[in-house]
There are 2 protein chains.
Amino acid sequence: MGCDSSAPRRYNGALSPSVDGPPMKDALSAVNCGNCSVRRLCLPADLSAEEIDRLEKITGKRRVLRAGETLYRAGDPFANLFAIRSGSFKSTVIAADGDTQVTHFALPGELLGLDAYSGRMHSSFAEALEDSSVCVLPFAQLEGLAQEVPALQHQIYSIFSEELKKENETLLLLGKRSAETRMAALLMNISSRYSRRGYSATAFVLSMPRTDIANYLGLTAETVSRLLTKFQREKVIAVRGREVEILDLIALSELAGTHCSYEDAGA
Amino acid sequence: MGCDSSAPRRYNGALSPSVDGPPMKDALSAVNCGNCSVRRLCLPADLSAEEIDRLEKITGKRRVLRAGETLYRAGDPFANLFAIRSGSFKSTVIAADGDTQVTHFALPGELLGLDAYSGRMHSSFAEALEDSSVCVLPFAQLEGLAQEVPALQHQIYSIFSEELKKENETLLLLGKRSAETRMAALLMNISSRYSRRGYSATAFVLSMPRTDIANYLGLTAETVSRLLTKFQREKVIAVRGREVEILDLIALSELAGTHCSYEDAGA
DNA sequence: CGGACAGTTGAGCAGCGTCAATCTTGGTGG
DNA sequence: CCACCAAGATTGACGCTGCTCAACTGTCCG
C-alpha cells in the first residue's frame with residue numbers, strides 16, 4: 001500500500017482534467033487501445049503502433065456493468081482477463097465459513113482475473129462499485145500473441161509482478177498497523193492512484209461503502225466512520241458522504257506512516 | 001491460506017519418505033531439473049524431457065545459503081529468479097518507518113523473486129531460515145526460452161497466478177480472523193505444504209522463530225506462544241521447541257475455520 | 001560456568017469490536 | 001412536491017481480545 005510505487009513523485013495540480021469522478025460516456029464505441037485514456041497503465045504500455053494494432057484485433061468486445069453487477073464469480077471458468085476502462089471494482093474472496101474479505105479495489109487501467117490463470121477457474125469475485133466498463137481480453141489469444149510479441153510478454157510479466165508487489169504492501173499495512181494508520185494509508189493510496197490517472201489527488205469520491213472499506217482494512221464500519229470524523233476534526237480531510245477532500249496531504253501521509261508525500265522530500 | 005489449493009485431498013501416510021526435516025546433502029551436484037525432487041512443484045512441471053533439457057542449460061548454478069543468510073535485499077537489481085531446492089526462506093518487506101513485515105514463508109519448489117520483475121529491482125528481502133539451497137534462474141534467459149516454449153510460458157503464468165491466489169488467501173486470514181484461527185490456519189497450511197512435498201503432514205519442524213510467526217500473522221510472539229500452549233493443553237498438537245506434532249488434524253482444521261481436512265469430507 | 005537469545009508465563013490495560021440508537025441520504029410512489 | 005422507506009453512515013456505551021511490560025526458564029555454545 002502506501003503510494004502507488006510508480007506514481008510521479010511530484011504532484012502537479014495542473015494534471016487534473018476534472019475533479020469529479022471518472023468520465024462515463026464512451027461506453028459503446030469500438031475498442032481502441034491506441035487512444036484509450038488508460039493505455040499507459042494497461043497492456044499497450046511500451047508497445048509499438050503495429051503491436052497495439054494486433055492487440056486491438058483480439059480485444060474483441062467491451063462489457064458495460066451497472067453498479068453492483070458482478071463481472072465474475074469464484075468457480076466461473078477462466079476465459080478472459082478484463083481491463084478496466086472506466087469505473088471501479090472490488091475483488092473479494094469467500095472463506096469456507098462463508099464470510100467474505102475484500103482483497104482489492106481496482107481502478108481504470110488495472111487488470112482483473114489474473115489470479116484465475118492457474119486452475120483455469122476464478123478464485124475470487126469482482127463486482128462493479130459504480131457503473132463501469134471493461135475490455136474483454138480472451139486469454140488464450142492474448143497468450144498466443146504474447147508468444148510472438150516479446151514486448152507484450154514483458155508487459156504481462158510486469159503486471160503480474162506489480163500485483164505481487166502491491167499485495168506485499170497490503171500485507172504490510174494489515175500486519176501490524178493501527179486502525180488510524182490503515183485508514184490514512186488507504187486514503188493516500190487512492191489519492192495517488194487517482195492522481196496517476198489524471199484526476200485530482202486531493203478531491204475524489206470513494207466509490208465504495210464504508211463497510212467495504214472496513215472489510216478491506218480489517219476493521220469495522222464504525223471504526224472507519226469514527227476515524228474519518230476524527231481526521232475531519234483535525235482538519236486533515238473534509239468528508240461529505242463519499243466525497244473526500246484532502247486538506248493536508250503532508251499530515252495525512254505522516255498519519256499513514258509513510259513519508260511518501262508528493263513533495264520531493266523523497267521516499 | 002487454509003490448504004494448499006492443489007494439495008491432494010486425501011492424506012496418505014505412506015507418502016512420507018522421512019518424518020524429519022528436508023534432506024540437506026545434494027548441495028554441490030550439478031543442477032538437474034529432470035530428477036529434482038521438487039520438479040513437479042517447480043518450473044519443469046508439464047515440460048517434455050527435451051524441454052527440461054533446454055531449461056537445465058540456462059539454470060546455470062546452484063547457490064547454498066546458511067541459516068540467516070540473505071538471498072536478496074530490497075533495492076538489489078533484479079537478474080535472477082530463485083527456485084528453492086531445499087530448506088526454507090522468509091520474505092519480508094520494510095516500511096518507510098523501518099519496521100518489517102514477514103509476507104511469506106517459502107518451501108522447496110517455490111520461486112522467489114517474482115515481485116522484482118517490474119521495476120527491475122527487488123522490493124522485498126529473502127532470508128534463509130535454515131541451511132538451504134536454491135537454483136539460480138537468469139530471468140532474461142528464462143524469458144527468452146519461454147518465448148519459444150509455450151509450456152514453459154504457461155507454467156510461468158501459472159506460478160504467478162498461483163502466487164496471487166495464495167496472497168488473497170493470506171489477506172483473508174489477516175483480515176478479520178481471531179488470533180486462534182490465524183495460528184491454526186498457519187499450522188494447517190504448513191502441514192499441507194509439507195505433505196505435498198512428501199513429508200509427514202503431522203510431524204514437522206517449524207524452521208522459523210516465534211517472532212517471525214507472530215509478525216507474519218499480525219500478532220505478538222507472546223500471543224503465539226500462548227496459543228501453542230493452549231492447543232497443546234487441548235491435545236490438538238504437541239509442541240517441543242520448534243518441533244510440532246499434530247495430534248488431531250480434524251480439530252485443528254476446525255479451529256482454522258476451514259473444513260479442509262485430509263478426509264474426503266471435502267471442501 | 002556464564003552469557004545471550006528464544007521461548008514461556010503472568011498482570012494490567014487499551015484499542016477496537018459489539019450492540020444499539022439515531023441521523024442522513026437517495027429513491028419511489030402517491 | 002412531499003411523504004415515506006430502506007440502506008448507509010454516525011455516534012455512544014461497554015467489554016473483550018490481544019498488546020505491553022516484565023520476570024522467569026530453558027537451551028545452546030564458548
Side-chain angles (χ1 to χ4, degrees), chain A residues 21 66-68 90 99-102 105 127 129-131 173-187 205-234 237-245 255 257, chain B residues 21 66-68 90 99-102 105 127 129-131 173-187 205-234 237-245 255 257:
Chain A
R66 323 229 87 216
K90 66 171 173 182
D99 89 359
T100 91
Q101 172 69 39
V102 176
F105 295 118
E127 181 187 321
L129 288 165
E130 57 193 313
D131 295 351
L173 188 66
L174 265 57
K176 207 160 179 36
R177 316 299 243 171
S178 68
E180 182 172 282
T181 301
R182 295 181 199 194
M183 189 67 239
L186 178 63
L187 291 173
V205 175
L206 296 169
S207 54
M208 68 297 284
R210 301 284 192 267
T211 48
D212 285 345
I213 295 176
N215 185 306
Y216 174 69
L217 295 176
L219 303 171
T220 59
E222 291 93 328
T223 301
V224 167
S225 178
R226 277 186 254 268
L227 287 169
L228 290 176
T229 310
K230 178 161 176 277
F231 290 168
Q232 186 161 36
R233 238 187 354 251
E234 292 166 352
I237 62 173
V239 200
R240 209 189 118 69
R242 296 192 182 175
E243 289 166 38
V244 173
E245 186 181 0
L255 284 171
Chain B
R66 322 230 85 212
K90 66 171 173 183
D99 91 359
T100 91
Q101 173 68 38
V102 176
F105 295 117
E127 182 187 321
L129 289 164
E130 57 193 311
D131 294 351
L173 187 67
L174 265 56
K176 207 158 180 39
R177 316 301 244 171
S178 68
E180 183 173 281
T181 302
R182 295 182 197 193
M183 189 68 239
L186 178 61
L187 290 173
V205 175
L206 296 170
S207 55
M208 69 296 282
R210 301 286 192 268
T211 47
D212 285 345
I213 295 175
N215 185 304
Y216 174 69
L217 294 176
L219 303 171
T220 59
E222 291 93 327
T223 300
V224 167
S225 178
R226 278 186 254 268
L227 288 168
L228 290 176
T229 309
K230 177 159 175 281
F231 291 168
Q232 186 161 34
R233 234 184 2 249
E234 292 165 354
I237 62 173
V239 199
R240 208 189 120 68
R242 295 193 184 173
E243 289 166 38
V244 173
E245 187 181 358
L255 284 171

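Letters A, B, ... mirror the listed sequences (proteins, then strands); counts begin at 1.
For the atom pair B:I213 CD1 and B:L186 CG, the distance stands at 6.0 Å (nearest 0.5 Å). Once rounded to the nearest 0.5 Å, the distance linking CG of A:L187 with CG of A:L255 reads 9.5 Å. To the nearest 0.5 Å, atoms CE (A:M183) and CG (A:L219) are separated by 8.5 Å.
Considering only residues two or more places apart in sequence or on other chains, B:Q101 meets the side chain to side chain contact (heavy atoms under 4.5 Å, CB included) condition with A:L172, B:V93, B:T103, B:N215. Qualifying side-chain hydrogen bond (donor to acceptor under 3.5 Å, both in side chains) partners for B:R182, counting only residues two or more places apart in sequence or in other chains: none. In this structure B:E180 satisfies the side-chain hydrogen bond (donor to acceptor under 3.5 Å, both in side chains) test together with B:K230, sequence neighbours excluded. Residues forming a side chain to side chain contact (heavy atoms under 4.5 Å, CB included) with A:A67 (at least two apart in sequence, or on another chain): A:D131.
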Contact pattern, 5' to 3', of nucleotides 8-24 of chain C - B, S or - by protein heavy atom under 4.0 Å:
BBBB----SSBBB----

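Chain A approaches DNA chain D within less than 4.0 angstrom (heavy atoms of the protein), and the contacting nucleotides run 5' to 3' from D:dG8 to D:dA13.
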